Amino acid sequence: QVQLVESGGGLVQAGGSLRLSCAVSGRTFSSGALAWFRQAPGRERDFVAVITWIGGSTDYADSVKGRFTVSWDTLKNTGYLQMDRLIPEDTAVYYCAASRALWGKAPSYFGSWGQGILVTVSS
């Protein structure tokens, strides 16, 4: 029932900022969390950030801690990943993902995924 549609990707210079959006439609979850993952060519899909809809608890990968901020707007039914002080190592396809109940930092915890958005950070 749930669909996740991402937007906001693009090309940005190192040190710049970019905000990704993840619009959730069909239905919302009363538990679980919305997470962000990224995957660079030839690499595994890695955890980036997560936020729970109830309580708004957040967690981040060490590589983005202090630079990225995840949020959820209940009025717009949209999640955001604010990316600041971007570095070339952030270049990847970014995915939002939803879990209905339990969640973790592995992709297998999440049953619904966005289509992926390319973020390219140039130096």
Side-chain angles (χ1 to χ4, degrees):
Q1 288 182 279
V2 64
Q3 296 184 66
L4 286 70
V5 179
E6 300 177 56
S7 61
L11 174 65
V12 64
Q13 293 185 31
S17 298
L18 203 61
R19 188 180 73 165
L20 304 183
S21 299
C22 180
V24 180
S25 62
R27 65 177 177 90
T28 58
F29 297 108
S30 58
S31 61
L34 180 72
W36 294 88
F37 291 79
R38 65 186 182 186
Q39 187 169 21
R43 289 180 50 188
E44 298 289 330
R45 188 169 297 185
D46 294 326
F47 170 81
V48 176
V50 65
I51 184 169
T52 62
W53 290 288
I54 306 301
S57 298
T58 61
D59 198 10
Y60 300 89
D62 289 340
S63 58
V64 306
K65 194 171 299 181
R67 300 189 296 116
F68 289 11
T69 304
V70 64
S71 61
W72 173 256
D73 188 333
T74 57
L75 296 179
K76 295 182 177 180
N77 212 33
T78 299
Y80 300 96
L81 183 67
Q82 177 67 43
M83 304 181 291
D84 298 317
R85 303 192 303 280
L86 285 160
I87 59 176
E89 289 76 14
D90 295 320
T91 296
V93 175
Y94 284 71
Y95 301 87
C96 59
S99 67
R100 188 169 293 134
L102 297 174
W103 64 269
K105 296 181 179 181
S108 59
Y109 285 95
F110 298 87
S112 300
W113 292 82
Q115 80 279 14
I117 288 289
L118 178 62
V119 172
T120 302
V121 183
S122 65
S123 59

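Predicted, not measured: the structure shown is a model, and the values here were computed from it.
Looking at residues two or more places apart in sequence or on another chain, you find a side chain to side chain contact (heavy atoms under 4.5 Å, CB included) between Ala40 and Arg43, Ala92. With sequence neighbours left out, Ser71 forms a side chain to side chain contact (heavy atoms under 4.5 Å, CB included) with Tyr80. Every side-chain hydrogen bond (donor to acceptor under 3.5 Å, both in side chains) that Lys105 has, sequence neighbours left out, goes to Asp59. With sequence neighbours excluded, the residues that form a side-chain hydrogen bond (donor to acceptor under 3.5 Å, both in side chains) with Gln39 are Arg45. For the side-chain hydrogen bond (donor to acceptor under 3.5 Å, both in side chains) test, residues two or more places apart in sequence or in another chain that qualify with Asp90 are Arg38, Arg67. With sequence neighbours excluded, the residues forming a side-chain hydrogen bond (donor to acceptor under 3.5 Å, both in side chains) with Gln82 are Asp84, listed by chain and number.
Residue pairs meeting the disulfide (SG to SG under 2.5 Å) criterion with at least one partner in residues 35-73, sequence neighbours excluded, are absent. Residue pairs that meet the salt bridge (Lys or Arg N to Asp or Glu O under 4.0 Å) test with at least one member in residues 109-123, sequence neighbours left out, do not exist here. Residues in residues 42-93 take part in no disulfide (SG to SG under 2.5 Å) pair, two or more places apart or across chains. Screening residues 32-73 for disulfide (SG to SG under 2.5 Å) gives no qualifying pairs among residues at least two apart or on separate chains. The stretch residues 63-123 participates, sequence neighbours left out, in these disulfide (SG to SG under 2.5 Å) pairs: Cys22-Cys96.
Under a hydrophobic clustering in which Ile, Leu, Val, Met, Phe, Trp and Tyr are joined whenever their side-chain heavy atoms come within less than 4.5 Å, directly or via other members, Val5 and Val70 fall into different clusters. Taking hydrophobic clusters as Ile, Leu, Val, Met, Phe, Trp and Tyr residues chained together by side-chain heavy-atom distances below 4.5 Å, Trp72 shares a cluster with Val2. Transitive grouping of hydrophobic side chains (ILVMFWY, heavy atoms separated by less than 4.5 Å) keeps Leu86 and Leu11 in distinct clusters.
The side-chain heavy atoms of Tyr94 and Leu81, taken from C-beta on, include a pair separated by under 4.5 Å. Contact annotation: the side chain of Ile117 approaches that of Gln115 to within less than 4.5 Å [non-hydrogen atoms, C-beta and beyond].
Closest non-hydrogen pair, Met83 versus Leu20, comes out as CE-CG, 3.7 Å. In plain terms, the two heavy atoms of Ser112 and Leu4 that are nearest each other are CB-CD1, 3.8 Å. The two residues Ala14 and Ser123 have their closest heavy-atom pair at CB-CA, 4.5 Å.
Under a 4.5 Å side-chain heavy-atom cut-off, the cluster of Ile, Leu, Val, Met, Phe, Trp and Tyr residues that includes Trp113 is completed by Phe37, Phe47, Val50, Val93, Tyr95, Trp103, Tyr109, Phe110, Leu118.
Judged purely by atom type and a 3.5 angstrom limit, Thr78 has no side-chain atom pairing as donor or acceptor with the backbone of Asp73. Not a single donor-acceptor pair under 3.5 Å links the side chain of Thr58 to the backbone N or O of Ile51. In this structure, Ser31 contributes its side chain and Arg100 its backbone to a donor-acceptor pair below 3.5 Å.
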